[in-house]
Amino acid sequence: MDLRATSPRSLKTHFVDIHEVLPEEEEEEHKENKIRKMADHKTDKNVNNKQIKMREMKRQHKSFSRQVSLETGFSVLNRELKEKDERKALPRSGKSFGGFGSSLGVGIEGRKGDFNIFRTKSALVRQNSKLPLRKESGVEPQNNDVSAGEFDESVNRSVPAGRYFAALTGPELDQVKDSEDILLPKDEKWPFLLRFPIGCFGMCLGLSSQAVLWRALSTSPATKFLHITPFINLAIWLLALSVLVAVFITYALKCIFYFEAVKREYFHPVRVNFFFAPWVVCMFLAIGAPPVISPETLNPAIWVAFIAPIIFLDLKIYGQWLSGGKRRLSKVANPSSHLSVVGNFVGAILAAKVGWKEAGKFLWAIGFAHYLVVFVTLYQRLPTSEALPKELHPVYSMFIATPAAASIAWGAIYGEFDGLARTCYFIALFLYSSLVVRINFFRGFRFSVAWWSYTFPMTTASIATIKYAEEAPTVISKGLAMALSLMSSTMVAIMFVSTLLHAFVWHTLFPNDLAIAITKRRQGKEKKLLKKACDIRRWTKQSPLSFVSSMRRHNSADKDSDGEK
C-alpha cells in the first residue's frame, strides 16, 4: 500500500487517495507520457501561446488525476477563471463612473466617489503617499485609477468644444443630458469648492453695475429732479465690494485645491467668457465709487492692474477665434461671448476716467472690431453650424450690453454723446425692445447663480439712457431713463432675494456642477473604437504561418466549390 498526499497551491484542501499502485499501471502511465511527447513534437510549432498554456494545464491535471477526483478539479478551475474575470471586469453604476474609484470597487465595497481626479496635481502627489495601494486588497490598479497613486492625464485633457454642446443642456450649458454619463457620482453631494462655479461672479457684475447706475442717478443733471441721495450708491458699492471679496477668495481656493476643475471651466464654451468677469467687476467698482471716498481722477495704476488680465485673455481667446481649429468663433460662438468684448469697452471708460484717453481709444477699437464679428456670427449663423438650443435663449440679453457699453465708452473718451455714441445706443435700445416682447425666451428655466449676469446688460442700457438724456433732455428721454432704471433695479432686487432664499432657506444655491464632469468622448463611441482596436490587435497577434495556412485553406475551398459547379 502507498500513501500519496498532494496539496496543490490552487487547492485549499488536502486530498488523500489510499489504494494500491500496481507496477503495470506505472508502466502504462510511462508509455502514455512517451506517446504524448511524440505527438507533441509532430504538432505545428507555430501554435498560439494560449493553446500551449491550455495543454500544460491539461497535463498537470492528468498527472494528479489519480489523487483528485474529476469533479473537484473542474470546480477548482471554474473558481480560478471566475476570479480572473472579476479582476478584469469594470462594472459601471449606470448613472456615473463614480470618479473611477467607485466603479472599480471590486475589492473595496461601499467606497464612495473619488473626487481626486479634479484635484490640483501638486496636492494630489502629497496625498498619494498616504493612500493605500490597490495591490494590498488583491486588485491590480488600473491605468485610470487615481487613488492607486497614479494620476491619469487623459481625464483632464482638453475637452472638445463641440462635446459640451452635445452633452449639456440648460441656459448656461450646466445640465447633463439623460443619455450622457459623467465622471463623478450624481447621487452624492460633491465638495463645496467643486460645486462653486465661475458664474458666481455674475452676482458681482449685477451689484457693481448697480453701483454705477445709482451714482449716475444721484449726480446726473438729467435725473437731478429725483433728488436721489448718494448714500444709496455708497451702500450698494460696499455690498458689491464685500460680495466680490467673498467670491474671489472662494474661487481662489478652488484654483488652489481643484485646479483641474478650473481648467475644465476654462474649456467650457460659455464659462470661459466669465473669466473676464472679475476684472470687469473691479473696473465697475472703480468707475462707480462714491464721490465721498473716490477722487475725481483715479490713479492710472488702478487701470493698469485691472486691464492687464483682460488684455491677456483677449490675446488668448481672440487668437483662438482667429487661428481657427476646434475653438474657432463659428464653433464656440454663443451670446455669452459678448462678455469677452464688454471688458474692452469698460476698460476704455476707466481709461478716460484716469486721463489716458489714447489707451481708451485703443481698447474701444479692439472691442468694436470683435463686437462686429461676434454680432454677425450670432445674428446670421451658417447653415452648416449647429443651431443654439432653446435653453440658451435667456443669454440673448447679452446682446444689449455690448452696444450700450460702447456708447458710454465713446461718450467718456470724446466728452460728448455724439453721432457714433447715439448709433450704438440706438442699436442697444432696439435689441432691448426686441427681447422684452419675447417673454417666452425667459420662462420655464430653473434659477441659477449665472442668472445674475443677465441683470448687468439691463443696467448698462439704463446708464446709456441716462447719458443720452443728458445730451437730449426731453420728457421722453428722461421718462425712458427712469423706466429702464426701475426695471433693472427691480430685477436685481428679485435676484438678490432669490439668492438669499436658495442659499439659506432651501439650501439649493450650489447643486452639483455636472457640467465639469462630462467625459471627453461619448461612451458608445468609445466602446466601438475599443472593439475595433481589439480586433486589430487580435489580427496582428496571429502568426504569419497560421495566417497563410488559413488563406490556403480558404482558397482550396473556393477551388473545390468551383470544381463542383
Side-chain angles (χ1 to χ4, degrees), residues 86 89-119 124 127 131-132 134 137 139 141-142 144-148 151-152 154-156 159 163-200 250 253-254 257-258 260-265 267-268 270-271 391 444-450 501-527:
E86 288 178 356
L90 298 177
R92 280 179 59 184
S93 63
K95 295 182 179 180
S96 64
F97 287 104
F100 293 103
S102 62
S103 63
L104 297 175
V106 178
I108 306 175
E109 298 181 357
R111 177 174 177 153
K112 295 184 178 180
D114 192 354
F115 302 98
N116 289 330
I117 57 176
F118 292 128
R119 280 192 175 275
L124 185 63
Q127 289 180 1
L131 292 175
R134 288 291 182 87
S137 59
V139 181
Q142 304 292 333
N144 56 358
D145 190 4
V146 182
S147 62
F151 188 82
D152 184 18
S154 63
V155 174
N156 295 289
V159 180
R163 180 74 185 117
Y164 287 97
F165 286 107
L168 300 175
T169 183
E172 283 291 335
L173 289 181
D174 54 352
Q175 303 172 29
V176 181
K177 294 180 179 179
D178 295 335
S179 59
E180 295 291 336
D181 212 335
I182 62 173
L183 300 175
L184 296 178
K186 296 180 182 179
D187 53 352
E188 183 179 344
K189 194 172 183 179
W190 300 359
F192 173 73
L193 293 178
L194 271 182
R195 294 183 285 113
F196 193 83
I198 186 70
C200 291
T250 306
L253 292 176
K254 182 177 181 178
F257 295 105
Y258 292 99
E260 301 300 331
V262 176
K263 285 171 58 178
R264 286 216 162 197
E265 287 193 299
F267 295 139
H268 196 285
V270 174
R271 296 190 183 183
E391 291 80 4
F445 305 107
R446 66 178 179 84
F447 174 83
S448 74
V449 177
L501 290 175
H502 280 272
F504 301 105
V505 179
W506 300 322
H507 303 285
T508 58
L509 185 61
F510 299 109
N512 290 341
D513 191 10
L514 306 179
I516 64 172
I518 63 172
T519 56
K520 186 177 179 181
R521 296 185 184 91
R522 193 169 184 177
Q523 297 306 309
K525 294 182 179 180
E526 280 189 345
K527 289 180 180 178

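Being a predicted model, the structure only gives us computed values, none of them experimental. Position 1 is the first residue of the sequence; numbering continues from there.
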Any heavy-atom pair between the side chains of L168 and V176 that's under 4.5 Å?
yes
Mind checking the CG-CD spacing from L194 to E260? Nearest 0.5 Å is all I need.
11.5 Å
Parallel, tilted or perpendicular: which one describes the rings of F196 and F510, with boundaries at 30° and 60°?
tilted
From D187 atom CG to N512 atom CG, the distance as rounded to the nearest 0.5 Å:
9.5 Å
Run R163 and I518 through side chain to side chain contact (heavy atoms under 4.5 Å, CB included) and show every step you take.
CA-CA 9 Å; R163 180 74 185 117; I518 63 172; 4.2 Å; yes
Heavy atoms of K254 and P197 approach each other most closely as NZ-CA, 4.2 Å
Would you mind reporting whether P191 and F257 have side-chain heavy atoms less than 4.5 Å apart?
no
With rounding to the nearest 0.5 Å, note down the distance linking CZ in R264 to CD1 in I117.
7.5 Å
Any donor-acceptor N/O pair, H268 side chain to L173 backbone, under 3.5 Å:
yes
Please round to the nearest 0.5 Å and tell me the distance separating atom CG of L501 and atom OG1 of T508.
9.0 Å
Could you tell me whether a side-chain N or O of W190 sits under 3.5 Å from a main-chain N or O of P185, the two making a donor and an acceptor?
yes
Nearest 0.5 Å, please: how far is OH in Y164 from CG in D174?
13.5 Å
From NE2 (H507) to NZ (K189), nearest 0.5 Å:
8.5 Å
For K177, does the NZ atom sit with more than 12 other heavy atoms under 6.0 Å from it, leaving out its own atoms?
yes
With sequence neighbours left out, write down each residue that passes side chain to side chain donor-acceptor pair (under 3.5 Å) with T250, or none if nothing qualifies.
none
Using a strict cut-off of less than 4.0 Å between a Lys/Arg side-chain nitrogen and an Asp/Glu carboxylate oxygen, indicate whether R271 and D513 qualify as a salt bridge.
yes
